[in-house]
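Scroll down for the structure; my scribbles are underneath it.
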Amino acid sequence: MPSGGPVLSIIIPAYNEAKTIVRTLTAVRDYLEGQGKAYEIIIAADGNDGTRERAREFAGKDDRYTVIGSAQRGGKGRGVREGIRIAKGQIIGFVDADYKTPIEEIEKILPGFDQGFDIVIGSRGVGDSKVVRKQKVYRRIGSKVFAIGMRAVTGLRGIVDTQCGFKFFTRRAARDIFRRQTIDGYMFDVEILRLAQTLGYKVKEIGIRWQDDGDSRLELVAGNWRNGKDILRIGLGRFKVPAASDWGTSSEASAGPALKTPAHS
């Protein structure tokens, strides 16, 4: 790795993705190798189906790859948080292990940082977004109901698609937000966007290409119950107030503004 460190850190959270992880890592590597930018890839792999082992075999002795995780399911939010804790890039982002969004879509994301945005996120609902294969009807209806309820409870406004797994941050924003972030499950996306809104970071939503793979890990009853409780936690503003020593004592880890809970609009 160059002495100056990577320009780009990409975190790939995975849970029992042994069938897809090598395909995804190959696609990401092949694309990044042609871009001429120093990069690192952090795979946060939970589960017991061999995903971590396959990721480590793929990485070999290349120190641009780091594999973390355990046999127990820690949650997507936790995996991304732990990845960001150790990431070294100037721009830090995460992409889903099932490759629903091609890595090439990052070409639409990166110009947003040159425009002064702190966070640039992929969206299935704005601009020139293209959904190649849609979710099943019941999931699309559920997503719409979720969005209405989530906004009513959390007060999060101005983001059409909170759940797309293609989000990128400046290093400063990533470390400031995720050292406060506490939700381990799927609702961490809502939490980080609410934190970004509360802290005053500038967020840009970009339409991207996306396709459903028909594989949902959400348990309809237990999963939705957990998600509902997490949304209530976010709505109540129970965010972690980090200690000065959290994530080290460097200025980049403590440079964010004070946390204030906004009134719901």
Side-chain angles (χ1 to χ4, degrees), residues 8 10-13 24 27-28 31 35 76-77 80 84 91-170 173-174 177-178 181 183 186-216 218 227 230-231 234-235 262 264-265:
L8 183 65
I10 293 184
I11 298 156
I12 303 177
T24 297
V28 172
Y31 173 78
Q35 300 308 301
K76 185 178 180 181
V80 173
I84 285 176
I91 300 296
I92 304 173
F94 61 89
V95 304
D96 286 340
D98 52 17
Y99 208 62
K100 289 178 180 176
T101 301
I103 189 62
E104 289 83 0
E105 296 298 285
I106 199 173
E107 295 173 11
K108 301 175 183 176
I109 298 289
L110 295 180
F113 295 107
D114 294 331
Q115 298 165 12
F117 290 93
D118 305 297
I119 303 164
V120 188
I121 64 174
S123 174
R124 296 163 290 186
V126 301
D128 59 351
S129 60
K130 183 178 181 181
V131 177
V132 177
R133 185 185 301 129
K134 295 182 179 181
Q135 294 176 314
K136 293 179 180 179
V137 172
Y138 75 89
R139 293 200 65 199
R140 279 183 273 155
I141 294 173
S143 294
K144 290 181 180 179
V145 172
F146 160 78
I148 293 170
M150 178 273 293
R151 291 188 177 94
V153 172
T154 66
L156 181 62
R157 297 289 186 271
I159 303 295
V160 174
D161 184 1
T162 61
Q163 302 308 114
C164 182
F166 204 75
K167 294 182 172 69
F168 291 80
F169 309 76
T170 63
I177 290 169
F178 277 87
Q181 185 265 332
I183 290 175
Y186 290 118
M187 295 301 100
F188 87 100
D189 288 279
V190 175
E191 183 186 23
I192 61 175
L193 291 171
R194 173 78 187 284
L195 278 164
Q197 179 187 73
T198 304
L199 292 163
Y201 286 110
K202 295 174 63 179
V203 182
K204 186 176 182 65
E205 194 172 9
I206 299 288
I208 47 87
R209 182 173 178 267
W210 183 92
Q211 67 176 20
D212 185 41
D213 64 357
D215 179 18
S216 173
L218 177 64
N227 291 346
D230 285 342
I231 289 296
I234 297 166
H264 288 198
S265 56

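Position 1 is the first residue of the sequence; numbering continues from there.
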Please report the C-alpha distance between Ile159 and Val203 in whole Å, then the side-chain angles of each, then the deciding distance to 0.1 Å, and finally whether the side chain to side chain contact (heavy atoms under 4.5 Å, CB included) criterion is met.
CA-CA 9 Å; Ile159 303 295; Val203 182; 3.9 Å; yes

Gln197 vs Leu156 side-chain heavy atoms within contact, under 4.5 Å
yes

How many angstroms lie between CD1 in Ile84 and CD1 in Ile11, if you round to the nearest 0.5 Å?
4.5 Å

Side chains of Phe168 and Leu8: does their closest heavy-atom pair fall under 4.5 Å?
yes

For residues Val80 and Pro13, determine if any side-chain heavy atom of one lies less than 4.5 Å from a side-chain heavy atom of the other.
yes

Could you note down all residue pairs passing ring pair (Phe, Tyr, Trp, His ring centres under 6.0 Å) where residues 96-129 supplies at least one of them, sequence neighbours left out?
none

To the nearest 0.5 Å, what is the distance between CG (Leu193) and CZ (Phe188)?
9.5 Å

Distance col, row Met150:CE vs Asn227:CG, nearest 0.5 angstrom, shows 11.5 Å

Tyr186 vs Asp230, test: side chain to side chain contact (heavy atoms under 4.5 Å, CB included). Steps then yes/no.
CA-CA 9 Å; Tyr186 290 118; Asp230 285 342; over 6 Å; no

Tightest non-hydrogen contact, residues Ile91 and Thr170, listed as CD1-CA, 4.2 Å

Quick check: does any side chain N or O of Asp118 sit under 3.5 Å from a backbone N or O of Lys202, one acting as donor and the other as acceptor?
yes

Are Thr24 and Asp98 side-chain neighbours, meaning at least one heavy-atom pair lies under 4.5 Å?
no

Considering only distance and modelled atom types, tabulate donor-acceptor pairs under 3.5 Å from the side chains of residues 105-112, sequence neighbours left out.
residue, atom, partner, partner atom, Å
Glu105, OE1, Lys108, NZ, 2.8
Glu105, OE1, Arg209, N, 2.9
Glu107, OE2, Tyr31, OH, 3.0

Interatomic spacing from CD1 in Ile192 to CD1 in Ile234 - rounded to 0.5 Å
10.0 Å

Heavy-atom check, side chain of Ile10 versus side chain of Val95, under 4.5 Å:
yes

Out of curiosity, Ile103 CD1 to Gln35 CD, how far, rounded to the nearest 0.5 Å?
9.5 Å

How far apart are the C-alpha atoms of Ile119 and Lys167, what are their side-chain angles, what is the distance that settles it, and do they pass the side chain to side chain contact (heavy atoms under 4.5 Å, CB included) test?
CA-CA 7 Å; Ile119 303 164; Lys167 294 182 172 69; 5.6 Å; no

Approximate separation, where rounding is to 0.5 Å, of Arg194 CZ and Ile177 CD1
13.0 Å

Residue list, salt bridge (Lys or Arg N to Asp or Glu O under 4.0 Å) with Asp96, at least two apart or on another chain
Lys76

With sequence neighbours left out, what residues match Asp161 under side chain to side chain contact (heavy atoms under 4.5 Å, CB included)?
Ser123, Arg124, Gln163, Cys164, Glu205

For Ile208 and Gly122, the nearest pair of non-hydrogen atoms, with its separation, is CG1-CA, 3.7 Å

Applying salt bridge (Lys or Arg N to Asp or Glu O under 4.0 Å) to Lys204 and not counting sequence neighbours gives none

Is the gap between the ring centers of Phe169 and Tyr201 under 6.0 Å?
no

